[in-house]
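Below: the structure, in structure tokens.
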Number of protein chains: 4
Amino acid sequence: MSKEPMAARRSAASRAAILEAAFHLVGEVGYGKLSIEAIAARAGVGKQTIYRWWPSKGAVLFEAVFVRSFGDTENPAPLPDTGDLEADLRTVLRATALELADPEVDRPLRALTVAMLEDEALAREYRTRVEEPTREAKRARLRSAQRAGQLPASLDLDAAVDAIFAPMAQRWLHRAGPLTEEYADALLEITLGGLRRSGPN
Amino acid sequence: MSKEPMAARRSAASRAAILEAAFHLVGEVGYGKLSIEAIAARAGVGKQTIYRWWPSKGAVLFEAVFVRSFGDTENPAPLPDTGDLEADLRTVLRATALELADPEVDRPLRALTVAMLEDEALAREYRTRVEEPTREAKRARLRSAQRAGQLPASLDLDAAVDAIFAPMAQRWLHRAGPLTEEYADALLEITLGGLRRSGPN
Amino acid sequence: MSKEPMAARRSAASRAAILEAAFHLVGEVGYGKLSIEAIAARAGVGKQTIYRWWPSKGAVLFEAVFVRSFGDTENPAPLPDTGDLEADLRTVLRATALELADPEVDRPLRALTVAMLEDEALAREYRTRVEEPTREAKRARLRSAQRAGQLPASLDLDAAVDAIFAPMAQRWLHRAGPLTEEYADALLEITLGGLRRSGPN
Amino acid sequence: MSKEPMAARRSAASRAAILEAAFHLVGEVGYGKLSIEAIAARAGVGKQTIYRWWPSKGAVLFEAVFVRSFGDTENPAPLPDTGDLEADLRTVLRATALELADPEVDRPLRALTVAMLEDEALAREYRTRVEEPTREAKRARLRSAQRAGQLPASLDLDAAVDAIFAPMAQRWLHRAGPLTEEYADALLEITLGGLRRSGPN
DNA sequence: TGTTAAGCGAGACGGTACGTCCTGTCTTAAC
DNA sequence: GTTAAGACAGGACGTACCGTCTCGCTTAACA
């Protein structure tokens with residue numbers, strides 16, 4: 001299989017400069033005030049070069065964030081699997097809490113969320129290329145736990161993934177409270193043990 | 001003690017026309033393409049009348065959605081309390097699922113979410129006037145269940161509210177799946193019973 | 001004959017403040033940037049008070065300049081008549097040159113000229129109440145000279161007044177050169193003696 | 001030596017459309033109600049295209065009138081020189097009278113006068129590019145008459161030009177009377193012969 | 001190994017919307 | 001019944017960007 005012949009002349013330097021500029025600009029001014037004109041100026045690039053390769057500022061931002069997060073590969077890392085489901089999920093949830101609390105991550109990710117809310121095509125691409133692979137990694141860990149008899153075989157895996165991970169995402173999105181390891185632990189205890197027997201009883 | 005004398009001259013007709021116009025326009029074109037110019041034109045109002053009373057298009061939208069949802073009162077309805085916690089939460093979650101699936105609600109709410117992501121002041125107002133009262137109503141129902149011995153006294157109520165309601169909100173926001181009563185039920189079973197014993201075991 | 005009964009309640013203080021404000025504002029910002037709003041604010045007066053009594057900002061300016069120049073009387077002073085036509089005209093022309101060179105006069109008068117160019121009704125009022133009386137005073141002096149045999153009886157008096165006074169006005173208007181006594185004298189020599197024998201021949 | 005490379009990309013079609021639109025609009029609504037917005041709309045052009053190349057609506061108007069009057073050349077036509085000064089001046093003055101009486105000329109010229117009164121920079125440009133070249137043409141004719149012994153060598157040429165031409169300009173500006181050939185002739189007789197011996201004696 | 005077409009930076013173009021200022025009309029409360 | 005105050009519908013201001021469109025220049029691929 002050969003390299004795609006399309007886009008033969010595309011300037012790698014310009015592409016990198018554009019993504020770099022978009023990423024930093026969005027961190028400075030937010031999605032609403034991000035403009036293609038400013039990206040082009042910051043990147044030292046003609047506007048047409050952006051319009052030639054991306055359909056919208058949201059698409060530029062998506063790629064900028066995506067490249068930062070995944071580099072050149074499309075596949076997310078699998079979740080840790082030590083055999084201890086609770087410990088592994090705790091590790092992941094705590095790491096997520098820390099990452100989302102980092103302004104370097106928070107601002108572009110928030111901007112990307114806006115972009116996706118404004119542009120359904122972008123949202124679709126996100127679901128395909130980010131959300132679904134990530135979710136599959138989470139499902140895989142839960143499946144492993146099912147095989148180990150730690151979770152019921154009949155479990156609705158998607159609902160389970162939502163139950164474990166959505167509360168943190170929602171708190172982050174609406175800044176509804178601090179993203180701490182304590183919060184991560186409290187959530188995990190509820191989700192794994194159930195509200196009815198939650199708490200250190 | 002008298003009513004505040006300020007803003008005495010404000011035109012109630014113009015205010016209503018503006019909120020009405022904003023609500024419908026945002027449903028037609030989305031938040032990004034909503035313009036104050038268009039709101040003013042649709043409402044038959046001078047732009048200055050909008051700028052005089054609201055600091056941004058997001059603030060107009062917030063008030064438009066708020067008035068639609070709460071009318072003149074500030075207080076959300078309390079959750080049902082029949083004594084059966086699971087049944088009551090099921091009622092609420094199912095109703096939420098149906099409501100979020102309604103385009104008349106979906107579109108303005110999605111737009112409002114964008115507005116809040118773009119404008120922290122607006123997000124703060126939302127948390128104070130919408131999120132926190134609503135959350136308190138939810139907490140109150142859980143406290144009632146604690147008093148009835150259905151939930152542990154040591155439960156972290158905010159984490160519990162998140163665990164119950166966030167997954168649905170997240171699925172709605174990212175259109176990650178259908179908002180059905182089945183999904184509501186599956187979530188509730190996990191959250192109340194815990195993943196480890198979830199499913200019809 | 002009594003004071004006119006119309007405008008019974010009109011506030012003399014407000015009228016004076018408005019004219020004062022208009023006069024000074026126009027000197028600061030020029031006619032184009034003069035606004036009724038600014039006049040009202042400077043005069044400490046409601047906008048409606050201006051709109052009630054004057055039809056346009058030009059009319060306010062006209063009255064402001066007019067009151068400054070003529071006070072309460074409508075009649076301009078007659079030209080000096082010592083019997084020596086040339087000396088009398090020299091006196092008047094030199095005085096005109098000095099007055100037009102004074103910024104306190106120059107700026108409002110220039111503004112008034114703009115107002116009249118923009119508003120034919122105002123121009124008509126100016127011609128009736130300022131230009132024509134002034135011109136009649138000039139004609140009167142020339143008539144006196146005719147009676148004294150210093151000017152031909154057949155002279156077209158209006159053309160003569162134009163010939164004597166227009167060049168100075170034009171130079172002032174277009175800032176085409178300095179308004180000096182020398183210029184006044186040079187003009188007078190040409191106009192009285194004729195170009196063909198002008199100069200100290 | 002090459003033509004200046006700057007402004008390379010300027011659209012000649014847009015420039016022409018703008019000047020055309022400005023010229024006609026000012027004739028319809030006058031200078032005060034002339035708006036850049038309306039010029040742009042009439043010309044089928046973006047506002048920015050006007051702001052890019054002209055600093056003010058006055059500058060647009062100046063160029064519009066200038067192009068109409070002079071086309072691409074900067075130089076005014078010389079005055080006729082048949083050897084008979086009086087006849088030549090009569091020709092010019094009569095032509096001026098007729099031209100100023102033409103509404104097609106009157107309205108834009110009056111507007112341009114307002115523009116210059118409001119904007120000293122514009123007035124300066126007018127003096128440099130229009131008034132001074134025109135005046136030089138007039139001076140040249142008078143110099144020719146001096147060489148022919150028809151005028152004193154000591155004559156102040158600028159004052160003489162003013163004396164000949166200003167009265168007509170002033171009457172036009174203030175609509176102080178009809179601009180007829182008779183008026184032109186009367187002025188010329190006074191200016192050349194002198195008031196003291198004016199009239200058909 | 002020179003030709004040629006693509007991608008490139010630059011930026012003008014016709015537009016839309018911004019947020020501000022002012023217009024002329026109106027309504028209210030105070031005197 | 002006039003006044004100061006100021007809200008109102010409307011419209012123009014001058015600016016910022018939109019997405020499209022040339023313009024010359026650079027550069028890699030093919031001839």
Side-chain angles (χ1 to χ4, degrees), chain A residues 5-15 17 33-41 43-57, chain B residues 5-15 17 33-41 43-53 55-57, chain C residues 7-11 13-15 17 33-41 43-57, chain D residues 5-15 17 32-41 43-53 55-57:
Chain A
M6 248 311 293
R9 311 294 186 80
R10 182 168 188 178
S11 159
S14 290
R15 174 172 175 271
K33 298 195 169 166
L34 179 67
S35 73
I36 290 198
E37 207 137 291
I39 296 173
V45 135
K47 281 201 292 177
Q48 199 56 245
T49 301
I50 299 182
Y51 284 107
R52 188 158 23 235
W53 300 109
W54 291 274
S56 65
K57 71 172 176 175
Chain B
M6 241 326 287
R9 219 62 52 203
R10 182 169 186 179
S11 159
S14 289
R15 175 172 174 271
K33 298 196 170 165
L34 179 66
S35 74
I36 290 197
E37 204 129 296
I39 296 173
V45 136
K47 280 200 291 177
Q48 199 61 53
T49 300
I50 299 182
Y51 283 108
R52 186 152 33 228
W53 301 110
S56 64
K57 71 172 177 174
Chain C
R9 308 293 189 81
R10 180 169 189 178
S11 159
S14 288
R15 175 172 176 270
K33 298 196 168 165
L34 180 67
S35 74
I36 290 197
E37 214 143 285
I39 295 172
V45 134
K47 281 199 295 176
Q48 199 55 245
T49 302
I50 299 181
Y51 283 108
R52 189 157 21 236
W53 301 109
W54 290 274
S56 65
K57 70 172 177 176
Chain D
M6 243 324 287
R9 219 63 51 200
R10 182 169 188 179
S11 158
S14 290
R15 175 172 175 270
K33 299 196 168 165
L34 179 66
S35 72
I36 290 198
E37 205 131 293
I39 296 173
V45 136
K47 281 200 289 177
Q48 200 60 51
T49 300
I50 300 181
Y51 284 108
R52 188 153 29 231
W53 300 110
S56 65
K57 71 172 177 175

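Values below: all heavy atoms of this structure, side chains included; hydrogens, waters and symmetry mates excluded. In this text, all values refer to a predicted model and were calculated from it rather than measured experimentally. A note on names: the letters A, B, ... follow the listed sequences, proteins ahead of strands, and every chain is numbered from 1.
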Report, as a single string ordered 5' to 3', how protein heavy atoms within less than 4.0 Å touch nucleotides 11-21 of chain F: B base, S sugar-phosphate only, - not at all. -BBBBBBBBBB
Those residues at least two apart in sequence (or on a different chain) that pass side-chain contact (heavy atoms from CB on, under 4.5 Å) with A:T49 are A:S14, A:I18, A:V45, A:R52, A:W53
Sequence neighbours left out, what passes side-chain hydrogen bond (donor to acceptor under 3.5 Å, both in side chains) with A:Q48? Give chain and number order. none
Closer than 4.0 Å, any side-chain N/O of A:R52 to the OP1 or OP2 of E:dC8? yes
To the nearest Å, give me how far apart CD1 (A:I39) and P (E:dG9) are. 14 Å
Of the non-hydrogen atoms in C:L34 and C:K57, which two are nearest, and what is the gap between them? O-NZ, 2.9 Å
Side-chain contact check for A:W53: nearest option of E:dC8, F:dT3, F:dC8 is E:dC8
Upstream residue (5' side of DNA chain F) when C:V45 and B:S11 are each assigned their closest nucleotide: C:V45
Sorted by chain and residue number, the side-chain contact (heavy atoms from CB on, under 4.5 Å) partners of B:A38 (sequence neighbours excluded) come out as B:L25, B:S35
Output a table of nitrogen or oxygen pairs between the protein and nucleotides 28-31 of chain E separated by less than 3.5 Å.
{"unit_1": "E:dT28", "atom_1": "O3'", "unit_2": "B:R9", "atom_2": "NH1", "d": "3.1"}

Testing the basics here: between D:A43 and D:A17, what is the closest heavy-atom pair and its distance to 0.1 Å? CB-O, 3.5 Å
Has D:S14 got a side-chain N or O lying under 4.0 Å from the OP1 or OP2 atom of E:dA12? no
Of all the heavy-atom pairs spanning D:G46 and D:A40, show the shortest one and how long it is. C-CB, 4.2 Å
Distance test, side-chain N/O of C:T49 to OP1/OP2 of F:dT2, below 4.0 Å: no
